[in-house]
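All remarks here apply to the structure that follows.
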2 protein chains.
Amino acid sequence: MAAEKRSREARREQIAEAALEVIARHGTRSLSVGAVARRIGIVPSAIYRHFRGKEEILSAAIGRMGERLLENAGRAAAGEGDTIPRLRNLLRDHVRAIREGYAGPRIVFAEGIDGGGVSHRMEVYHVIRRYLDRVAGILRQGQRAGDLRGDLDPEATAVHFLGLIQPAATLWYLSAGKFDVLMNAERSFEQFADAIRKKGKRQRVS
Amino acid sequence: MAAEKRSREARREQIAEAALEVIARHGTRSLSVGAVARRIGIVPSAIYRHFRGKEEILSAAIGRMGERLLENAGRAAAGEGDTIPRLRNLLRDHVRAIREGYAGPRIVFAEGIDGGGVSHRMEVYHVIRRYLDRVAGILRQGQRAGDLRGDLDPEATAVHFLGLIQPAATLWYLSAGKFDVLMNAERSFEQFADAIRKKGKRQRVS
DNA sequence: TCCTTATGTGAATCCATATTCACATTGTGC
DNA sequence: GCACAATGTGAATATGGATTCACATAAGGA
């Protein structure tokens, strides 16, 4: 039973997407060339027509995952209104992504990824760093707008923001979805918001 | 070159410890029966005299790791004086463990662990939950002592506490130690402390 | 329509890892 | 000292995954 041929571009996209889906569904450790091929409906060796090997697939998948993560943060950065609700919305986006089973949160928040060398770690690291820069940007905006304390360090606070969701995500994955990620993330967020809000500051009307 | 024979008990301890050392040094994905055996200086098949298989080694390693994590939290719980410095000390213990290269943080904070089934995920999950219960206990003590806000939810706040260090740890591992885990964890901690401290409360003298 | 190239298939190869098994050696108890 | 059990060794086996390779087929261009 021969699969339909696809153009190089189309197949590369499909392969990278299938890799993310395998990760999302079964975890990063279950990613194999075979699993990706099966998901698409081709044989494993066909994959090598489009990617030089597993390492290249991983890089493509990480790149994709990173774009989506940055999109989320970019949306929050581009939004209008008071900073804290925007950050809350970003947090909720992450919770939604976790629950709906996207691969990005699983890689970043819970399991890491490794296909044979340091290079993927650095790729994931740079994805996270770029994301944190985005969040730090939002925090700086908030400071300029007078929503947030002027004395907070945007970079370190962005790391803290990431920590509002990471443990909840980890526990959600470990418990196969039983842990209440939303409630915990939001409770943590309220404490965080309390700490970063400029004192005496009321919420601006958006 | 024959290795010295060891009693069952001694060897089991040695194997479990070697497993944690392999993880600490090279990450959870590099754990193999062979790597453990090499670390000890015996052949891989000798391992099966003492453990039924890799899965049992993993369980022993997770158990050990869990005990150490709980010890740390237990020390903070048993300490005296104001709650917030005790939590800060606990946080610093974690940072130290990360930097000194213990396996526990690597498993819990960054990479997870998997040897073939759901069972290890649940083991790690339970380790973390027991740890969080310990931290929640410290928070309750703090509430009763009047150090902390009475309206904070101890369980959710314990999750937040975990989030003060987890992203920093993840980034530290991903960057092979380049990320400043201490500074970031402490900055996050200051915001956290601000949010949970009972208002108008001065630090008790210990 | 024909030819060439791109892509898919199926078999084979290689490698690493987990594990079993038969033999060897050491340590303990009588 | 001897016998037995426990533990270590080294070879073999099984499995899964990554990858290569020769052949097959489809698609695009002349």
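Note that the structure is a prediction, hence the values are computed from the model and not measured. Because only heavy atoms are used, hydrogens play no part in the values below, and waters and symmetry mates are left out as well, while side chains stay in. Each chain gets a letter, A, B and so on, in the order the sequences are listed, and its residues count up from 1.
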**Request:** Verify, without hydrogens or angle tests, whether B/Lys54 (side chain) and B/Leu31 (backbone) share a donor-acceptor contact under 3.5 angstrom.
**Result:** yes

Rounded to whole angstroms, how far apart are [atom1] on [X] and [atom2] on [N]?
| X | N | atom1 | atom2 | result |
| --- | --- | --- | --- | --- |
| B/Arg38 | D/dG8 | CZ | C1' | 17 Å |
| B/Arg29 | C/dA16 | CZ | P | 19 Å |
| A/Ile57 | D/dT19 | CD1 | C1' | 11 Å |
| A/Glu4 | D/dA27 | CD | P | 7 Å |
| B/Ile42 | C/dT19 | CD1 | P | 14 Å |
| A/Arg8 | D/dG28 | CZ | P | 16 Å |
| A/Ile15 | C/dT7 | CD1 | P | 10 Å |
| A/Lys54 | C/dC14 | NZ | C1' | 16 Å |

**Prompt:** In Å and rounded to the nearest 0.5 Å, what is the OH to CG distance from A/Tyr102 to A/Leu69?
**Reply:** 13.5 Å

**Prompt:** Under the salt bridge (Lys or Arg N to Asp or Glu O under 4.0 Å) rule, what pairs show up with a residue in residues 155-172 of chain A, not counting sequence neighbours?
**Reply:**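 Counting only pairs at least two positions apart or across chains, the salt bridge (Lys or Arg N to Asp or Glu O under 4.0 Å) contacts touching residues 155-172 of chain A are A/Arg140-A/Glu155.
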
**Request:** Could you work out which one of C/dA18, D/dT19, D/dT7 sits closest to the side chain of B/Ser32?
**Result:** C/dA18

**Message:** Among D/dT19, D/dG10, C/dT9, which nucleotide has an atom closest to any side-chain atom of B/Val43?
**Reply:**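 Ranking D/dT19, D/dG10, C/dT9 by closest atom to the B/Val43 side chain puts D/dG10 first.
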
With a 4.5 Å cut-off on side-chain heavy atoms, are [Y] and [X] touching?
| X | Y | value |
| --- | --- | --- |
| B/Ile42 | B/Arg11 | yes |
| B/Leu162 | A/Thr170 | no |
| B/Ile98 | B/Tyr173 | yes |

**Asked** On DNA chain D, nearest-nucleotide positions of A/Lys5 versus B/Glu9: which is more 5'?
**Response**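 On the 5' side of the pair lies B/Glu9.
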
**Fill in**
In numerical order, the residues of residues 44-53 of chain B whose heavy atoms come under 4.0 Å of DNA chain D are B/Ser45, B/Ala46, B/Arg49, B/His50

**Message:** Can you tell me if A/Arg11 touches the phosphate of C/dG8, counting only side-chain N or O atoms and a distance under 4.0 Å to OP1 or OP2?
**Reply:** yes

**Fill in**
Note: B/Arg187 and A/Ala156 closest approach over all heavy atoms is CB-CB, 3.7 Å

